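Chain naming here is simple, since letters A, B, ... match the order of the sequence lines and numbering starts at 1 in each. Worth saying up front: this structure is predicted, and the values here are computed from it rather than measured.
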Amino acid sequence: MPTKIEIPTPMRDQTDGKGVVEVTATTVRDALAELVRLHPGIESKLFDQGKLRPYINVFVNDEDIRYLDELGTAVKEGDLIALIPAVAGG
Amino acid sequence: MPAIDFATGLKCKVCGKLYAKQPLNFCTDDFGPLEVVYDYEAIAAHISRAKIEMRPFNMWRYRELLPLDGEPTVGPQVGGTPLIKADRLADALGVERLWIKNDAVNFPTLSFKDRVVSVALSKAREFGFRTVGCASTGNLANSVAANAASSGLEAYIFVPHTLERAKILGTSIYGPKLILVEGTYDQVNRLCSQVALKYGWGMVNVNLRPFYAEGSKTVGFEIAEQLGWRTPSHVVSPMAGGSLIGKIHKAFHELEQVGLIAPGSSAKVKMYGAQATGCNPITDAVKTGRERHKPVKTPNTICKSLAIGDPADGYFAAKLIRDTGGWAEDVSDPEIVECMQLLARTEGIFAETAGGVTVAVTRKLIEQGRIPRDEEIVLVITGNGLKTQDAIADSVEQPVTIKPSMDAFESILAEPAPALA
């Protein structure tokens, strides 16, 4: 079973409308690289000069990767990576 | 359409991309926050101090600088709270000129959130939403519930399950769908964002956020007008999501842009941010010189209204504080309680825990020499102490009980006066 990446609605133009993209990876960094390989249009939405954009929060199984190991966070088969816009609340 | 709509669209604060006015809070290119854009030249030609002063004293007297297409349909009486010359608190803190902007008495739900909600829900109605909602640490929940009730909107309100009982009851009474979420505010907020994306409801601090946040500017407009159309030297504001402090400063800047206060006024105001030490992502970023805040995973403070571990406007708040030459500090729970009492005993104002944070941080900044003792300071009090009574229950002096006789009364007069806590 691969790792799943949940794509938020405003990014689905870049994933042929898919809400979930399946990848095989051992870290979040690899998983996002695989996502970009499959859907190159999403790269500029996620990254700015190689760095993850500040207003995109990445969750692995409901845990924010900033509390884990950032992009180095390990993922395994069956894990769910969610990309969520951060600009809300307060 | 009445001639009061000067908002021309939305703009990404990161890349500057323009969008038409719509219920959208982030740039679809880089996910940066969107902000309302106005035609300031047209506004300048349309308003004057005299025109504003003729209008009722509430937040809508600055309607040209708020993003509605028409008249407000929700909360037409919100705002217009007192700016109090706080001489007794000034003496206690050892400063010369101190003012308190008292939104603890805002209408209808006793916090500054009524300002943002009246804009957000008026806008929600313009967009045609029938269902609205929010993620909240309490005050926003109260305000959305009350204002949705009075305007006949259905409301879904998400709060952390650990919220104070008074804030839960003060929401439930208005009859919304109140959902207690087993998690921190940030988890509640994330769920609310997902709900907004899936169901397309008007979430005031999610997809309506660019409009909602503009309501906070009216705190700044009122401060400047109440000071006689000028700005103070120092403003101390509590920070949760980090939006209010930025909007107060933006308000001063806008008043200058449309010619209502003297040129150069806004650049002279130093902005100071206040948080509780148990949830201090923004003050930590300022104090350590970090550009981006480090989120606090599990906030731990009695000041639940400021307990946002991952503030959406944290970056902009920290930058503003640095750019204006201000500073940020945080204070412990005992300091918060002590300063809630200090404010009450010197000025007769019962503020919620966030008010204790603001007073305690001000005291700290004065003691550190960050805020000079001889310049004018404004403190922003954002919520009412009746909502957070548990925080002070063990700290206030217990009343004495006596028999109904003069002897009993005079026996307590003979006792030495208890020391102030």
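Of the atoms belonging to A/D13, not a single heavy atom falls under 4.5 Å from chain B. Heavy atoms closer than 4.5 Å to chain A are found in the side chain of B/N189, but not in its backbone. Only the side chain of B/V14 comes within less than 4.5 Å of a heavy atom in chain A; its backbone stays farther off. Contacts between A/E6 and chain B at a heavy-atom distance below 4.5 Å involve the side chain alone, from C-beta outward. With a threshold of 4.5 angstrom between heavy atoms, A/F59 approaches chain B through side-chain atoms but not through N, CA, C or O. Neither the backbone nor the side chain of B/K198 has a heavy atom closer than 4.5 Å to any heavy atom of chain A. For B/D313, no part lies under 4.5 angstrom from a heavy atom of chain A.
Across A/P54, A/P8, A/A86, A/A82, the residue that shares the most heavy-atom pairs under 4.5 angstrom with chain B is A/P54. Interface remark: of the candidates B/D310, B/N205, B/V206, B/N205 forms the most heavy-atom pairs closer than 4.5 Å to chain A.
Taking both residues in full, the closest heavy atoms of A/A88 and B/S193 are given as CB-OG, 3.6 Å, listed atom of the first, atom of the second, then distance. Between B/G32 and A/V87, the closest heavy-atom pair is C-CG2, 4.2 Å.
To the nearest 0.5 Å, atoms CG (A/D62) and CZ (B/R190) are separated by 4.5 Å. Atoms SG and CZ, from B/C15 and A/R53 in turn, are 8.0 Å apart once rounded to the nearest 0.5 Å. With rounding to the nearest 0.5 Å, the separation of CG in A/N57 from CZ in B/F31 is 10.5 Å. Atom CG of B/N25 is separated from atom OH of A/Y55 by 11.5 Å, given to the nearest 0.5 angstrom.
Ion pairing between A/D64 and B/K297 fails under the 4.0 Å rule for side-chain N and carboxylate O.
Atom OH of B/Y199 has 12 or fewer neighbouring heavy atoms from other residues, nucleotides or ligands inside a 6.0 Å radius. Other residues, nucleotides and ligands place no more than 12 heavy atoms under 6.0 Å from the NZ atom of A/K4. No more than 12 heavy-atom neighbours from other residues, nucleotides or ligands sit within 6.0 angstrom of NZ on B/K11.
No donor-acceptor distance shorter than 3.5 angstrom exists from the side chain of A/R66 to the backbone of B/P295, with no hydrogens or angles considered.
Residues B/D30 and A/K45 form no side-chain contact, since every pair of their non-hydrogen atoms from C-beta on lies 4.5 Å or further apart.
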